[in-house]
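What follows is one structure encoded as structure tokens, with my remarks underneath.
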Amino acid sequence: MTTWLVTLSFLLLPVQPVWFISLAVAVVLFLSFKNKVKVVLDRHIQIIFFLYVLLGGLPQLKQVQLNPSFPYSYPQDTRGMANLFRYNAAAELYVYGSRYLGELKPDGLFRFYRKYSDDSAFTTVITSDYAVPIDNGKVYTQSIYFRSDNPNLVFDLTFWTRRGRQAVSTVIEDVGGGLKRAYATYQARPGDDLIQGPDLINFRGVWRYIDIGYAQLEVGSAPSHILGGWPNSAGWERFLWWIGTALLGWMVLYMSKHLFPHIDGFKASLMIVIGFIVHVGIGVEQYLSDNLRATGLTVNPNAFGASSVVVAGLTWLIGDCRLAIPALGVMISAVWISGSRAAFLGALFLGMIWIKGLPLRWKWVTLTLLFLSAALAVGLGWGDHLGRFSSIVDISSPSSQSRLEIWRVAWQAFMEHPLTGVGANRFEIYYLEHRPIDALEPVASHAHNLFLHLLAEMGLLGLSGFLMLWGYIIWKLWQLRELRVLTVISGALIVNLFDYTWFYAGVYYPLWVAVAWALRTPSKPELPSPDTMRG
């Protein structure tokens, strides 16, 4: 019974990694109480974890002052209601049909013109591709602040759901300081599922420009927020965040190392594959319904793709080729529908190593299935992502150019604050202050490169702690000749050369589980090793 409970916990790893950790902690506590078994980690690993905490955490206590000449305000919520839109949602607004983004003004509003000089059409809709899930029956209020050269300008806010644009009455009120607030309320109905926006239509009156900012979507029948200052976490909050990442990694390593002697690797791998299929199945449903990049149960498409690469690698690591081949197919499907180019590179690397190590007959089976799957995807009209993936090698593509812009800003942040960086989770603020005027990406929440992001936010001290910890792990695995674990870590690193998903739970936890597998203490009788289970 205990063995099956331990094994079933791995079903949650690809679906909800946090649930996996919670269940794993409960199981380990139960086993420790029942058997009085103690698991001791390598003393050097524990020392290096401690140094990792100090090198990355202590610099967070220093408050780096960002440019005070940039008074970027955001809505403070007076009732504590969560904003379902991102606080910088206005930065993602664009003129429908032309893709014109707003022009950032010194006070943080984004300016849109009724007619752009190189476009004969007039602005009729200002919208966003950002969408959030909603619950049937709940009442939602959407609101924005704005100003215009026409003080009498009116327009409508709509609730753009899966059933189309839902037109509702919009209230516009003067809030002082030259600003007005527009808000509208809507009760979600069956089939709505999500709200995309903000969405402004039906402009009435003669106007030359409109400045928009501080978009909010909240549960309730009226807007709740007032204007306040930029969200700026305190040093102790950032310090605790860094400690938290270290403790979670240590906990996953410790708990997994305790769990593995009680389970069969094949059965655990089977549970991971089942959870993986469920997760990716949800992503497929999203892709077919929306014809957009799928997110599965993750926060965004890139996290979906990256976590799929690491989870598939973990399956290959602790299972055998009977499970590795289905996991490979599920991984390819996930990366395809996520549209993540960084995950594509990681999957390509992992897939080549994977297939190379298969027995000859399994190798031909795998290659044949891959060819047939690619032909089917193209035949069904799902080949749009081929162009997206091909842009990886095109340095002149908008995506590549935007990455270069973001990397330059990240390097600038490091050069200005080389030891401590600008502070954990503050790169987005720095980017908004220092991005090029004509930036291809109006908002960048991270540097799209693990090492540049750590340099920008944590400085040399934080990066040194990271390299010390993972450098020791990699050296230890090399000594143990755990080449397949090193392959999984390498795949995650390749993904993070062009993205920043390392600390996302769906990537971070499976990586530590993989390390724990390599450092596990065999049960008695000893479980077969991965090399003898390859079939």
Side-chain angles (χ1 to χ4, degrees), residues 6 9-10 13 17-18 20-22 24-25 27-29 31-32 35-60 239-263 265 268 310 313-314 317-318 424 450-451 454 458 460-493 496 502-523 526-527 529-530:
V6 174
S9 66
F10 285 85
L13 185 58
V18 175
F20 165 76
I21 297 306
S22 301
V25 169
V27 170
V28 168
L29 290 176
L31 290 173
S32 299
N35 302 318
K36 297 182 180 180
V37 176
K38 291 184 179 180
V39 173
V40 180
L41 287 177
D42 185 325
R43 182 169 57 90
H44 295 97
I45 290 180
Q46 300 195 60
I47 293 173
I48 290 175
F49 258 114
F50 178 73
L51 293 175
Y52 168 81
V53 169
L54 288 182
L55 287 172
L58 290 179
Q60 299 308 310
F239 176 65
L240 290 178
W241 175 84
W242 184 256
I243 291 178
T245 64
L247 287 178
L248 285 170
W250 182 89
M251 183 183 299
V252 176
L253 177 62
Y254 180 87
M255 298 301 169
S256 300
K257 194 171 185 291
H258 199 144
L259 292 177
F260 277 130
H262 299 274
I263 63 173
V310 178
L314 181 62
L317 173 66
I318 67 178
L450 171 64
F451 304 104
L454 289 174
M458 317 295 293
L460 284 172
L461 291 175
L463 180 63
S464 297
F466 178 87
L467 294 176
M468 181 184 299
L469 174 60
W470 284 96
Y472 178 80
I473 293 292
I474 291 172
W475 175 76
K476 184 74 174 179
L477 295 175
W478 179 260
Q479 279 191 321
L480 296 172
R481 293 297 183 264
E482 291 285 352
L483 301 183
R484 295 213 282 180
V485 185
L486 290 172
T487 300
V488 175
I489 295 175
S490 299
L493 286 172
N496 278 269
W502 188 271
F503 294 104
Y504 172 66
V507 173
Y508 193 57
Y509 296 169
L511 279 176
W512 281 116
V513 172
V515 174
W517 174 262
L519 303 178
R520 70 195 183 282
T521 302
S523 59
E526 183 174 342
L527 294 176
S529 69

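For the numbers below, each heavy atom of this structure counts, side chains included, while hydrogens, waters and symmetry mates do not. Just so it is clear, the model here is predicted, and its values are computed rather than measured.
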I need the [X] [atom1] to [Y] [atom2] distance, nearest 0.5 Å.
{"X": "L461", "Y": "Q60", "atom1": "CG", "atom2": "CD", "result": "10.0 Å"}
{"X": "L317", "Y": "L483", "atom1": "CG", "atom2": "CG", "result": "11.0 Å"}
{"X": "L253", "Y": "L511", "atom1": "CG", "atom2": "CG", "result": "11.5 Å"}
{"X": "M255", "Y": "S22", "atom1": "CE", "atom2": "OG", "result": "10.5 Å"}
{"X": "W250", "Y": "Q46", "atom1": "CH2", "atom2": "CD", "result": "6.5 Å"}

Is a donor on one side and an acceptor on the other found under 3.5 Å between the side chain of [X] and the backbone of [Y]?
{"X": "N496", "Y": "W502", "answer": "yes"}
{"X": "T245", "Y": "W242", "answer": "yes"}
{"X": "Y508", "Y": "L248", "answer": "no"}

- Query: Is the shortest heavy-atom distance from the side chain of I45 to the side chain of L519 under 4.5 Å?
  - Reply: yes
Show me, pair by pair, the donor-acceptor contacts under 3.5 angstrom made by side chains of residues 464-477, not counting sequence neighbours?
from	atom 1	to	atom 2	distance (Å)
S464	OG	L460	O	2.6
Y472	OH	D42	OD2	3.0
K476	NZ	D42	OD2	3.3

- Ring centers of Y509, F20 separated by less than 6.0 Å: no
Specify the closest pair of heavy atoms between [X] and [Y], including all atoms of both residues, with the distance to one decimal.
{"X": "A518", "Y": "L480", "result": "O-CD1, 4.1 Å"}
{"X": "M458", "Y": "G56", "result": "CE-O, 3.3 Å"}
{"X": "L314", "Y": "V488", "result": "N-CG2, 4.4 Å"}
{"X": "A505", "Y": "P17", "result": "O-CB, 3.8 Å"}
{"X": "A514", "Y": "V485", "result": "O-CG1, 3.6 Å"}
{"X": "M251", "Y": "I21", "result": "SD-CG2, 4.0 Å"}

- Sequence neighbours excluded, every pair satisfying salt bridge (Lys or Arg N to Asp or Glu O under 4.0 Å) that has a member inside residues 239-255: none
